[in-house]
Amino acid sequence: FKLGSAMPKIGGNTEELKNLAAHYNVMYTPTHRSHLDSVEVAFGLSWLSVPLPRYAAGINLMADQFQSWLLRSFGAYAVDRERTRNFLYLECLSSYACLMLESGIPSLVYPEGTRSRDGKIVGIKTGLLSTAVSAYQNTGREVVVMPLALSYESIPEDSFYCGLGEEPGLKEFINKRGSAYLDICDPIRVSRHMSADDPTLSISMAIVEQWKKHLRILPNQILARILSDNGHAVPRAGLPALVEEFVLRNPGNYL
């Protein structure tokens, strides 16, 4: 932490986040691309000197003793995803997440529910996201939903997502980690969505809007897309023109 060598590159509304975290209950809602997401968020928030949030991590990630200690130190608590179909288990999990927010403990949820295998935004699941609305209703105190956009130069699970290998272990995650970017999006105040027919759905739509605005598009991703669209081979001399054309046709937050 002191050296900053393991830090994601942080951008966006950092000062606003510091101010809001000091005065309001905060729920962080990052994009979900990798098992590294929670670690990157913990590194980034620690560097910004804001309290680390609590979040649910699959019990399969807690099998290794060192990995379990590492994730718990970053705020994780174990959840057995196979049991989330059990009503009582799910109700207990939701109540716990709501109680944390009511008590002023920041929380982190992944609205997409699962890691995106292709880089696209997965349809939002409103389960744990609804606890932000419940916490506001139960206490009358503002809850701020803070979307986070995580962008990676290289995701350690890429080969696994493509069906070319096994799920990587901790060593592979460390070795394959490339540059990572953590962008703090615009805050979403729960109180401003309470008049909607479905406040949770309204908040989820605002989260997706913020993700699309702040997710970074990296140079290697542009090149991969151009290759994919052109039979996986292009003349080097013609590449600059193809890149320029791609950027003009596809407005976005380019690195």
Side-chain angles (χ1 to χ4, degrees), residues 1-10 17 21 26-86 89-90 92-94 96-97 99-101 103 105-117 119 122 125 127-128 146 148-184:
F1 284 160
K2 289 182 179 178
L3 295 175
S5 60
M7 295 299 304
K9 296 173 177 62
I10 306 172
L17 169 60
V26 179
M27 172 183 278
Y28 296 96
T29 55
T31 50
H32 203 9
R33 301 292 176 267
S34 169
H35 282 319
L36 281 176
D37 294 342
S38 301
V39 178
E40 303 294 355
V41 170
F43 272 26
L45 295 183
S46 177
W47 188 257
L48 294 173
S49 299
V50 298
L52 294 187
R54 298 277 286 156
Y55 68 95
I59 201 167
N60 59 303
L61 298 176
M62 302 291 191
D64 178 84
Q65 187 175 359
F66 173 75
Q67 191 167 309
S68 174
W69 168 82
L70 180 68
L71 293 177
R72 290 180 190 277
S73 71
F74 284 154
Y77 56 91
V79 170
D80 187 348
R81 301 193 188 282
E82 293 298 318
R83 297 176 64 189
T84 54
R85 295 182 181 86
N86 180 295
Y89 187 86
L90 189 60
C92 182
L93 180 62
S94 297
Y96 178 60
L99 184 61
M100 281 192 296
L101 277 175
S103 303
I105 301 170
S107 69
L108 180 151
V109 302
Y110 290 105
E112 293 169 286
T114 186
R115 293 170 293 168
S116 171
R117 266 54 174 177
V122 178
K125 298 175 177 64
L128 286 180
M146 184 63 72
L148 304 174
L150 284 160
S151 312
Y152 292 95
E153 180 183 38
S154 174
I155 295 176
E157 296 102 320
D158 273 348
S159 294
F160 171 68
Y161 290 164
C162 294
L164 302 176
E166 299 294 323
E167 182 87 78
L170 182 61
K171 184 177 180 180
E172 288 80 12
F173 270 98
I174 294 172
N175 290 336
K176 291 183 178 180
R177 178 191 182 272
S179 297
Y181 302 85
L182 172 64
D183 284 278
I184 315 299

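Just the heavy atoms: all of them, side chains too, but no hydrogens, waters or symmetry mates, feed the values below.
Among all heavy-atom pairs drawn from Ala76 and Ala57, the shortest one is CB-CB, 3.9 Å. Counting all heavy atoms, side chain and backbone alike, Leu52 lies closest to Pro106 at O-CG, 3.7 Å. Between Ala78 and Arg72 the shortest heavy-atom distance is CB-NH2, 4.1 Å. Residue Phe160 comes nearest to Gly165 through the heavy atom pair CD1-O, 3.5 Å, listed as atom of the first residue, atom of the second, then distance. Of all non-hydrogen atoms in Val122 and Glu112, the two that sit nearest each other are N-OE2, 2.9 Å. For Val26 against Ala21, the heavy-atom pair with the smallest separation is CG2-CA, 3.9 Å.
Contact annotation: the side chain of Tyr28 approaches that of Pro53 to within less than 4.5 Å [non-hydrogen atoms, C-beta and beyond]. At a threshold of 4.5 Å between non-hydrogen side-chain atoms, the residues Leu148 and Val41 count as touching.
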Fill in: Candidate pair Leu93 and Val79, rule side chain to side chain contact (heavy atoms under 4.5 Å, CB included), full reasoning
CA-CA 8 Å; Leu93 180 62; Val79 170; 3.8 Å; yes
Item to complete: Go through the steps for Lys9 and Leu182 under the test side chain to side chain contact (heavy atoms under 4.5 Å, CB included), then give the verdict.
Response: CA-CA 6 Å; Lys9 296 173 177 62; Leu182 172 64; over 6 Å; no
Item to complete: Apply side chain to side chain contact (heavy atoms under 4.5 Å, CB included) to the pair His35 and Glu167, showing each step before the final yes or no.
Response: CA-CA 10 Å; His35 282 319; Glu167 182 87 78; 4.0 Å; yes
Practice prompt. Start with the C-alpha gap between Thr29 and Met146, add the side-chain angles, then the distance that decides, and say whether side chain to side chain contact (heavy atoms under 4.5 Å, CB included) holds.
Written response: CA-CA 6 Å; Thr29 55; Met146 184 63 72; over 6 Å; no
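The CG atom of Leu108 lies 10.5 Å from the CG atom of Leu128; values are rounded to the nearest 0.5 Å. In this structure, Ile105 CD1 and Leu99 CG are separated by 7.5 Å, a value rounded to the nearest 0.5 Å. In this structure, the separation between CG on Leu101 and OG on Ser103 is 9.0 Å, given to the nearest 0.5 Å. With values rounded to the nearest 0.5 angstrom, Ile155 atom CD1 is found 10.5 Å from Arg117 atom CZ. Here Leu36 contributes atom CG and Lys176 contributes atom NZ; the two are 11.5 Å apart, rounded to the nearest 0.5 Å.
Checked by atom type and distance alone, the side chain of Ser46 never pairs as donor or acceptor with a backbone atom of Phe43 at under 3.5 Å. Side-chain atoms of Tyr89 come within 3.5 Å of backbone N or O of Asp80 as a donor-acceptor pair. Checked by atom type and distance alone, the side chain of Lys125 never pairs as donor or acceptor with a backbone atom of Pro111 at under 3.5 Å. Listed for the Thr31 side chain is a donor-acceptor partner under 3.5 Å among the backbone atoms of Leu150. Side-chain N or O atoms of Glu157 include none that pairs as donor or acceptor with a backbone N or O of Ser34 at under 3.5 Å.
For Glu82, the CD atom counts as loosely surrounded, since its 6.0 Å shell holds 12 or fewer non-hydrogen atoms of other residues, nucleotides or ligands.
No side-chain donor-acceptor contact under 3.5 Å links Asp158 and Tyr152. A side-chain donor-acceptor contact under 3.5 Å links Tyr96 and Arg54. Side-chain atoms of Ser116 and Tyr161 form no donor-acceptor pair, as typed in the model, at a separation below 3.5 Å.
Glu153 and Arg33 are not joined by a salt bridge, as no carboxylate oxygen comes within less than 4.0 angstrom of a charged side-chain nitrogen.
Residues Phe74 and Tyr55 keep their aromatic ring centres 6.0 Å or farther apart.
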